[in-house]
Amino acid sequence: MARNAGVAMDDDGGVQKVRNELVLSFLAVRRAIGALGFFLPLALIAYAVLWPEPLRTSISAYYYSPMREVFVGTLIAQAVFLWSYEGFRPDAGEWITDKAMARLAAVSIALVALVPTDGPDGPCTALECIAGPSLSALIHVVAAGLFFAALAVFCLVLFVRGTVDGPEKAASNRIYRICGWTIIVSIGLIGLLFATGLDDTLARLRPVFWLETAATFAFATSWAVKGDSLRPLTRAVIAASR
């Protein structure tokens, strides 16, 4: 009897160990996605400060700069981590799921990296050569929009699911919603700039770059909070709500 109980305990311990490893794996992927989101805009700003070159009009414009490898490499790394993210198993009838949104974001950001925005004449990428310049530019813009839309869904729908069982969950949900609406407003303003031609009028102020940076920092913050790597921010929100 005692021996059987010991076996049962070993089995339970093994199951618990696997669960712990899965939790750590989820946290690591979330932290990586958040870290890459913070890294890219900061790296591009640092490049503009350290080298005698003005800030470019958008993050995508850095494809046509010495920072191309950093730009493409970071986006592909994000695509890999997002594709590997399984998230929580959906309940019956749920069609907006962690896995579906992560896969959509992964494919979208890979296309942003591999089908560059309009730029100086030069050798085309493989996908650009197949699609042609006009279709490539459209694919780039649509893919970028889908990427940020998927990440806004994470913030406003997926990350806030679950019972609010304490102040930490309530504070985290508040952060997720702020991040989600920051993404939506930032991308909406970029669309407005393009639609009105103000992106050209205000080009020297680099509004598109800064709005893209705001949206990128917002999604990076939400994933970092979900990955438990911004606990001081969560605690600050809890303290402010008291």
Side-chain angles (χ1 to χ4, degrees), residues 9 11-40 75 77-110 144-188 214-242:
M9 286 177 64
D11 288 345
D12 289 345
V15 170
Q16 187 61 47
K17 181 179 179 182
V18 170
R19 287 176 179 168
N20 290 342
E21 288 174 352
L22 286 173
V23 169
L24 291 173
S25 177
F26 274 160
L27 292 177
V29 171
R30 291 167 180 163
R31 289 168 180 168
I33 293 169
L36 289 167
F38 286 123
F39 168 75
L40 182 58
L75 298 193
Q78 284 180 331
V80 171
F81 281 115
L82 283 163
W83 186 268
S84 69
Y85 184 73
E86 297 287 334
F88 293 104
R89 183 175 297 172
D91 294 331
E94 286 183 352
W95 59 276
I96 299 178
T97 66
D98 290 278
K99 185 174 181 179
M101 287 298 104
R103 295 286 169 89
L104 173 61
V107 172
S108 299
I109 200 61
L146 287 174
F147 171 70
F148 282 112
L151 293 171
V153 170
F154 268 108
C155 293
L156 297 174
V157 179
L158 297 170
F159 285 169
V160 298
R161 279 179 177 167
T163 304
V164 179
D165 53 4
E168 187 167 337
K169 174 62 174 171
S172 296
N173 283 356
R174 184 173 299 178
I175 294 169
Y176 299 144
R177 291 189 177 101
I178 291 171
C179 290
W181 283 111
T182 299
I183 293 170
I184 290 172
V185 170
S186 298
I187 300 307
T216 302
F217 279 175
F219 94 70
T221 299
S222 66
W223 281 82
V225 169
K226 194 67 175 176
D228 246 5
S229 59
L230 278 181
R231 295 188 69 83
L233 175 61
T234 307
R235 292 193 192 102
V237 173
I238 293 172
S241 62
R242 286 174 179 169

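Heavy-atom basis, side chains included; hydrogens, waters and symmetry copies ignored.
A salt bridge links Arg231 with Glu168: at least one charged nitrogen is closer than 4.0 Å to a carboxylate oxygen.
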- Message: Please determine whether side chain to side chain contact (heavy atoms under 4.5 Å, CB included) holds for the pair Trp83 and Lys99, giving the CA-CA distance in whole Å, both sets of side-chain angles, and the decisive distance to 0.1 Å.
- Response: CA-CA 8 Å; Trp83 186 268; Lys99 185 174 181 179; over 6 Å; no

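Taken to the nearest 0.5 Å, the CH2 atom of Trp181 stands 11.5 Å off from the SG atom of Cys155. The distance from the SG atom of Cys179 to the CZ atom of Arg174 is 13.0 Å, given to the nearest 0.5 Å. Rounded to the nearest 0.5 angstrom, Ile33 CD1 and Phe154 CZ are separated by 7.5 Å. One finds the CD1 atom of Ile178 at 12.5 Å from the CD1 atom of Ile183 (value rounded to the nearest 0.5 Å).
Two residues are said to be in side-chain contact when any heavy atoms from C-beta on lie closer than 4.5 Å; Thr97 and Leu158 fail this criterion. Looking at Arg30 and Phe81, their side chains never come closer than 4.5 Å, going by heavy atoms from C-beta outward. Two residues are said to be in side-chain contact when any heavy atoms from C-beta on lie closer than 4.5 Å; Ser172 and Lys226 fail this criterion. Between Ile184 and Leu156, some side-chain heavy-atom pair lies under the 4.5 Å cut-off. Annotation: side chain of Val29 is in contact with side chain of Ser84 (closest heavy-atom distance under 4.5 Å). Taking the side chain as every heavy atom from C-beta outward, Thr216 and Phe38 never approach each other to under 4.5 Å. Asn173 has its side chain out of reach of Phe159: every pair of non-hydrogen atoms, C-beta onward, lies at least 4.5 Å apart.
Taking the ring axis of Trp223 as reference, the NZ or CZ atom of Arg31 does not stay both within 45° of it and closer than 6.0 Å to the ring centre.
Across Val157 and Val160, no two heavy atoms sit closer than the pair O-CG2, 3.4 Å. Residue Ala105 comes nearest to Leu82 through the heavy atom pair CB-CD1, 3.8 Å, listed as atom of the first residue, atom of the second, then distance. The nearest pair of heavy atoms linking Ser108 to Leu146 is OG-CB, 3.5 Å. Taking every heavy atom of both residues into account, Ala220 and Gly34 meet most closely at CB-O, 3.3 Å. Taking every heavy atom of both residues into account, Gly180 and Ala152 meet most closely at O-CB, 4.2 Å.
Side chain of Ser222 to backbone of Phe219: a donor-acceptor contact under 3.5 angstrom is found.
For the residue pair Arg103 and Tyr85, no side-chain donor N or O sits within less than 3.5 Å of a side-chain acceptor on the partner.
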